[in-house]
Structure formats: C-alpha cells, structure tokens
Amino acid sequence: MSAIYTLGIDVGSTASKCIILKDGTEIVAKSLVDVGTGTSGPQRAIEAVLAEAGMKKEDLHYTLATGYGRNSLTGIADKQMSELSCHAKGACFLFPNVHTVIDIGGQDAKAIAINDKGNITQFYMNDKCAAGTGRFLDVMSRVLEIPLEKMGEAHFQATEWASVSSTCTVFAESEVISQLSKGLTRESIVAGVHKSVATKACSLVRRCGSIVNDVVMCGGVAQNPGAVDAIEKELGQKITVAPNPQITGALGAALLAYEELIK
Ligand code: ADP
C-alpha cells in the first residue's frame, strides 16, 4: 500500500507552522515562517514544507488547520480544529505520559489536563489579555532592548527578581520603564517579567485541578529558558520542554488529519 501524507498547519498570531507526516507516525518535513494570520505567512509556510519534503500539493492526502487564523484557510484545509486539541495531541505523541500541557503562544496561554487515554479532561485559557502571553514578552524585549533569544541568558544573570506587579501589559510597560529609570538592572527586570508570565500560567494550571506529571510546555514561549525557569519555580516542579515547541500544534494537526482520513 502506498504511504499516506498529511499536512498540519498552525496559523498563529505571530508565526505560521507546518508539518508533513507520513502514515501518521513519521515527520517528513517541517517549516516555520515568522508571520502569522492575515499575512503571506501561511502560504509561504506551506510552500516551504512542500519544498523540504520534495512534494507537491497534490501528493497530500489531507490537510488540517489549527491556530488563531485557522478559519482563513478554507479552500486549502480539509478541516479546522482548535489549538487545544492539536497541542494536546502533539504533546501526547511526543510524551505519552503527559498529563498537563502548558502552551504559551503569541496571543494566548493555555493549561490543559489530559487523562491516561490522552483525552482532554479540563482546560483553562487566557485569550482576553496580552499579559501572560508571548506578546507581553515581545513588548518587554523591546523596552528592555534585549532580543527575545537573549531573554533567558539575562534571566539567569539576575541576582534578584524585580517585582512587576501590573496586570496589564500597557501599565507593566510603564512600570518597567520607571524601574529602568530608577536604576534597577535589566537582568532583574527580565526575571521579574518572567515571574509575571509564570504567575499567570500557573494560575491556569492550578484551576485545572491537581498537577499531574508529566508537565510538558509547548508554544513559542517555551523557547525562552527564563520563562520556563520561572514557571518551574512557581509550580515547584520540573517541566519538560517539547522539542521544537513552536510546532507542537502543527504536529497535532497532522496527527489529527491522519485520524480523520482513516476514520
Ligand atoms: P502563535 O501560534 O500565536 O503565533 P507561537 O506559539 O508561535 O504563537 O509563539 C510566539 C511567541 O513565542 C512570541 O510572541 C515570542 O514571545 C516567543 N518566541 C518566539 N521565538 C522565540 C525565541 N527564539 N526565543 C524566545 N521566545 C520566542
């Protein structure tokens, strides 16, 4: 029997991610374009993943879209599914023992509880407010003049963690500017910014009930070791960062595409 190829695409608020899967088990190619919904990002991500796989659109048997902009892909995707389902699916594939998923992307943060069968039993999500999301970190990176990729390094150089108490991104930005003018180190402010994100993420996790291992973190913010450290300290336990965390949703979408096809 010839192989079945499925495409998962995650049209995010800040980035577009694709995965091509062979027979629902083997990752053939992946792509990430640094712009998301409403841009050329989704189309470019599809072209890039097809080029990496050496395939044409016609070679794909099923395409499933997820992410904030998933509904913009009508005509391209065979089906759309929520990010919750896709992140949970991707995390379960990578870590069969996962029971808690923390996903922090550009626009929202989620905590998902998963049972032994891999089904979602509870979830909480913050998509109302930028605080506690990647957007908050993007704003702070700009104010502090520390590139996102260096935020983790700066975090671990902090000798103390500043208090960033504002619960709104706009007020927190003013708070950070005021702390900078008072002479607080940028490192201590970065650590305080990460603690602020961690507090919000952990409140979502706790609302899901008791925290059951393994705890897996995915989404773009999982690439920031400072944010991961602050969440571990806030939760009081180790968390596992998914490999290529930003594409976990696309992976889940490609897996669910395969399930749809063989139904
Ligand atoms: P979305 O699906 O909404 O586009 P992602 O899961 O792709 O969101 O995550 C985007 C967020 O990831 C950005 O807002 C940014 O804060 C963070 N991020 C992206 N790349 C990096 C990096 N190299 N280091 C640290 N953080 C990153």
Side-chain angles (χ1 to χ4, degrees), residues 8-19 30-45 48-49 64-73 80-91 94 101-112 125-156 169 172-173 190-191 193-194 196-198 200-201 204 216-231 241-254:
I9 173 160
D10 180 357
V11 184
S13 62
T14 68
S16 308
K17 289 82 68 172
C18 284
I19 285 219
K30 54 184 183 304
S31 68
L32 188 150
V33 173
D34 261 339
V35 279
T37 186
T39 70
S40 60
Q43 198 55 48
R44 281 161 50 205
V49 79
L64 195 142
T66 188
Y68 181 69
R70 62 185 175 276
N71 292 325
S72 64
L73 286 189
Q80 282 84 18
M81 270 187 160
S82 81
E83 294 143 273
L84 287 162
S85 308
C86 292
H87 277 282
K89 192 79 195 172
L94 296 168
V101 175
I102 303 171
D103 163 40
I104 311 183
Q107 184 108 329
D108 59 26
K110 312 174 194 75
I112 311 169
M125 185 165 172
N126 162 30
D127 58 355
K128 300 278 178 289
C129 157
T133 70
R135 175 77 65 229
F136 179 79
L137 293 169
D138 301 347
V139 168
M140 296 308 167
S141 147
R142 182 176 44 75
V143 173
L144 293 164
E145 297 181 289
I146 302 175
L148 271 180
E149 312 79 54
K150 301 270 182 200
M151 298 265 281
E153 210 174 287
H155 172 97
F156 289 107
T169 304
E173 187 177 357
V190 165
V193 161
H194 290 149
S196 162
V197 169
K200 292 187 175 62
L204 296 174
V216 171
M217 185 163 167
C218 53
V221 172
Q223 294 172 108
N224 176 339
V228 175
D229 176 62
I231 293 172
V241 174
N244 291 314
Q246 220 170 346
I247 56 168
T248 315
L251 172 61

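For ligands, and for the atoms within them, numbers begin at 1 and follow the listed sequence. Because the structure is predicted, anything quoted here is derived from the model rather than measured.
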Would you confirm whether [X], through its side chain, and [Y], through its main-chain N or O, come within 3.5 Å as a donor-acceptor pair?
{"X": "Lys17", "Y": "Ala15", "result": "yes"}
{"X": "Thr169", "Y": "Ala131", "result": "yes"}
{"X": "Arg70", "Y": "Gly67", "result": "yes"}
{"X": "Thr37", "Y": "Gly12", "result": "no"}
{"X": "Asn126", "Y": "Lys128", "result": "yes"}

Provide, to 0.1 Å, the distance between [atom] and the closest protein heavy atom, together with that atom's residue and name.
{"atom": "atom 14 (O) of ligand 1", "answer": "Asp138 OD2, 2.9 Å"}
{"atom": "atom 23 (N) of ligand 1", "answer": "Glu149 CG, 3.8 Å"}
{"atom": "atom 20 (N) of ligand 1", "answer": "Gln223 NE2, 3.3 Å"}
{"atom": "atom 27 (C) of ligand 1", "answer": "Gly220 O, 3.6 Å"}
{"atom": "atom 3 (O) of ligand 1", "answer": "Ser13 OG, 2.8 Å"}
{"atom": "atom 8 (O) of ligand 1", "answer": "Gly106 N, 2.9 Å"}
{"atom": "atom 10 (C) of ligand 1", "answer": "Thr14 OG1, 3.2 Å"}
{"atom": "atom 2 (O) of ligand 1", "answer": "Lys17 NZ, 2.8 Å"}

Gly12 N/O under 3.5 Å from ligand 1 N/O
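No, Gly12 has no N/O under 3.5 Å of an N/O on ligand 1.
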
Do [X] and [Y] have side-chain heavy atoms sitting under 4.5 Å apart?
{"X": "Asp10", "Y": "Ile247", "answer": "no"}
{"X": "Thr248", "Y": "Asp103", "answer": "no"}
{"X": "Val33", "Y": "Gln43", "answer": "no"}

Report, in ascending order of atom number, the atoms of ligand 1 lying under 4.0 Å from any heavy atom of [X].
{"X": "Gly134", "result": "14 (O), 16 (O)"}
{"X": "Gly105", "result": "5 (P), 6 (O), 8 (O), 9 (O)"}
{"X": "Gly219", "result": "6 (O)"}

